[in-house]
Amino acid sequence: MKIAMVGSGYVGLVSGACFADFGHDVICIDKDQGKIDRLHEGIMPIYEPGLDALVETNVKAGRLSFTTSLAEGIKDASAIFIAVGTPSRRGDGHADLSFVYAVAKEVGESLSNDAVIVTKSTVPVGTGDEVERILEDSGAKHRFAVVSNPEFLREGAAIGDFKRPDRIVIGAEDDFGRDVMSEVYRPLFLNESPILFTSRRTSELIKYAANAFLATKITFINEMADLCEKVGANVQDVSRGIGMDNRIGAKFLHAGPGYGGSCFPKDTLALLKTAEDYDSPTRIVEAVVKVNESRKRAMGRKVLEALGGVDEARGKKAALLGLTFKPNTDDMRDSPAIAVAQTLTDAGVEVSAYDPEGMELAQPLMPEVKMCDDPYAAIEGADATVIVTEWDAFRALDLSRVAELANSRVLVDLRNIYSPDDVRARGFIYASIGRE
Ligand SMILES: NC(=O)c1ccc[n+]([C@@H]2O[C@H](COP(=O)([O-])OP(=O)(O)OC[C@H]3O[C@@H](n4cnc5c(N)ncnc54)[C@H](O)[C@@H]3O)[C@@H](O)[C@H]2O)c1
């Protein structure tokens with residue numbers, strides 16, 4: 001089956017490469033000429049473990065190709081996926097659907113055979129209806145169906161998630177849509193991945209409900225961590241103690257600096273807007289958004305405290321280890337590191353940083369921060385070393401070297417990857433989350 005993937009970013013490129021690996025004939029389309037040129041040269045435009053090898057194998061096998069031309073790319077495709085960005089709209093927090101609608105219009109104008117148009121981008125309820133209207137208005141002359149197929153992959157583990165999903169959700173309104181999508185995902189039926197067929201609107205809402213629930217779980221344990229600090233309890237044990245209950249589950253119960261990334265912040269906001277529009281407020285999600293937003297700067301204040309308080313901190317130096325919103329990605333969108341760095345520089349702290357993959361994208365977001373070639377270069381002369389993102393490279397720092405290079409033995413661990421007893425035994429002042 002021929003599949004066209006419009007938008008070759010974190011989702012489009014991974015999905016396209018995985019579909020090709022299943023044996024489909026896939027063409028990834030992007031309007032960013034630089035991105036497509038790099039892909040033609042075998043250079044990945046994003047960092048995602050295993051993606052370069054997967055792309056190379058499938059390009060060599062003739063199953064995966066790239067183009068900037070939508071009309072050329074969608075020719076003969078039975079399924080046309082829309083995987084473009086849906087960022088927060090400036091000013092009001094609604095999902096910005098201009099990229100999705102622009103693609104729908106172009107597809108409608110160029111459609112040269114019967115096809116199913118699949119929204120893989122995360123889009124608010126009712127977007128599929130609007131995509132259908134745009135296709136009709138743009139004079140599409142062939143039979144089409146508009147289907148919702150939200151994506152649940154996690155950056156950093158995207159290929160595994162795509163190939164072995166917990167579930168596939170397909171929102172279709174007719175047999176044409178359902179049949180083509182069954183064919184698209186047939187290789188995964190054989191893997192026995194559960195597939196849930198729903199109405200289109202239900203499918204659209206499932207994606208937002210899933211992300212809002214996960215954001216709530218993270219925010220819940222973050223607030224428990226704050227309480228642990230006040231009452232002298234240990235949040236990691238609280239997480240274990242509640243996570244062993246199957247009704248709760250152990251995942252997404254790691255206290256940290258607040259959720260960030262390309263999805264949770266914008267999707268929780270967009271869900272609030274949908275709820276508002278339909279006069280059906282989602283008060284829990286409202287609270288989650290507020291709590292998470294204030295948490296990021298609170299993490300910066302935690303570092304200031306470790307530096308002796310706001311007044312003492314001015315002129316001191318902090319080293320940030322990890323800048324991306326989570327490990328194994330170069331994605332800096334809404335990373336808590338941005339607010340932490342900002343809080344520190346606002347207080348007159350000199351900040352140096354190291355991240356294995358994120359520094360190029362991070363630098364313009366934190367122009368005052370000095371990027372370093374390795375963790376120890378960042379730590380040199382630091383009055384506090386701060387673990388912001390739990391990259392494996394930071395799990396076994398040479399603490400003797402840190403003690404030698406740093407100005408003070410102060411470690412702030414915003415991801416709880418060290419044992420307080422071990423670090424304190426090495427003569428460090430140690431602060432973490434919910435374990436004081
Ligand atoms: N990143 C994730 O982990 C993730 C996970 C699940 C769902 N999603 C959702 O998937 C969607 C895409 O996210 P992403 O992170 O891959 O975004 P991205 O910004 O990495 O990629 C989007 C791509 O679309 C391209 N594009 C924009 N308009 C285009 C057009 N008219 N024609 C062709 N290409 C066009 C851009 O150049 C860009 O390369 C979003 O709705 C997001 O919420 C993302």
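Just follow the structure's listing: the first ligand is 1, and inside any ligand the first atom is 1. Computed from a predicted model, the values in this text were never measured in an experiment.
Between R63 and D25, none of the side-chain N atoms (NZ, or NE/NH1/NH2) sits under 4.0 Å from a carboxylate O, so this pair counts as no salt bridge. Ion pairing between E192 and R164 fails under the 4.0 Å rule for side-chain N and carboxylate O. Classification of K105 and E109 as a salt-bridged pair holds, one side-chain N sitting under 4.0 Å from a carboxylate O. Of the charged side-chain nitrogens involved, at least one lies within less than 4.0 Å of a carboxylate oxygen, so that R133 and E130 count as a salt-bridged pair. Looking at D346 and R297, a side-chain N of the basic residue comes within less than 4.0 Å of a carboxylate O on the acidic one, giving a salt bridge. We find that K266 and D334 are not joined by a salt bridge, their nearest charged nitrogen and carboxylate oxygen being 4.0 Å or further apart. Residues E293 and K290 are not paired through a salt bridge, judged by the lack of any N-O separation under 4.0 Å between the basic side chain and the carboxylate.
In this structure, K207 has a heavy atom closer than 4.0 Å to ligand 1. At least one heavy atom of R333 lies less than 4.0 angstrom from ligand 1. Using a 4.0 Å heavy-atom cutoff, A102 is absent from the residues neighbouring ligand 1.
For atom 21 (O) of ligand 1, the closest heavy atom belonging to the protein is G9 CA, 3.3 Å. Given atom 9 (C) of ligand 1, the protein heavy atom at minimum distance is T122 OG1, 3.5 Å. Atom 24 (O) of ligand 1 has as its closest protein heavy atom G7 CA, 3.4 Å. The single protein non-hydrogen atom nearest to atom 32 (N) of ligand 1 is V6 CG1, 3.8 Å, given as residue, atom name and distance. Ranking the protein heavy atoms by distance from atom 28 (N) of ligand 1 puts K31 CE, 3.5 Å first.
For ligand 1 and Y10, the ligand atoms under 4.0 Å from any heavy atom of the residue are 1 (N), 15 (O), 16 (O), 20 (O). Near K35, the atoms of ligand 1 lying under 4.0 angstrom from a non-hydrogen atom of the residue are 38 (C), 39 (O). The atoms of ligand 1 that sit less than 4.0 Å from any heavy atom of A83 are 12 (C), 22 (C). The distance from ligand 1 to the heavy atoms of S262 drops below 4.0 Å at these ligand atoms: 1 (N), 2 (C), 3 (O). Close contacts between ligand 1 and V103 involve ligand atoms 30 (C), 31 (N) [criterion: under 4.0 Å to a heavy atom]. For ligand 1, the atoms sitting less than 4.0 Å from at least one non-hydrogen atom of E151 are 6 (C), 7 (C), numbered in the order shown with element in parentheses. In summary, the atoms of ligand 1 found under 4.0 Å from a heavy atom of G85, numbered by their order in the structure, are 22 (C).
Residues T268 and Y259 have side chains in contact (heavy-atom distance under 4.5 Å, counting atoms from C-beta outward). I218 is listed as a side-chain neighbour of F264, based on a closest heavy-atom distance under 4.5 Å. Two residues are said to be in side-chain contact when any heavy atoms from C-beta on lie closer than 4.5 Å; D226 and R295 meet this criterion.
More than 12 heavy atoms of other shown residues, nucleotides or ligands fall within 6.0 angstrom of atom CG in D374.
Residue F81 forms a side-chain contact (heavy atoms from CB on, under 4.5 Å) with just one option from N149, V116, V6, and that option is N149.
Considering backbone and side-chain N/O atoms, K266 comes within less than 3.5 Å of an N/O atom of ligand 1. In terms of polar-atom proximity, D30 is counted as a contact of ligand 1, with an N or O under 3.5 Å from an N or O of the ligand. Ligand 1 has a nitrogen or oxygen under 3.5 angstrom from a nitrogen or oxygen of E155.
For atom 11 (C) of ligand 1, the choice among I46, T86, V11, V84 with the nearest heavy atom turns out to be V84.
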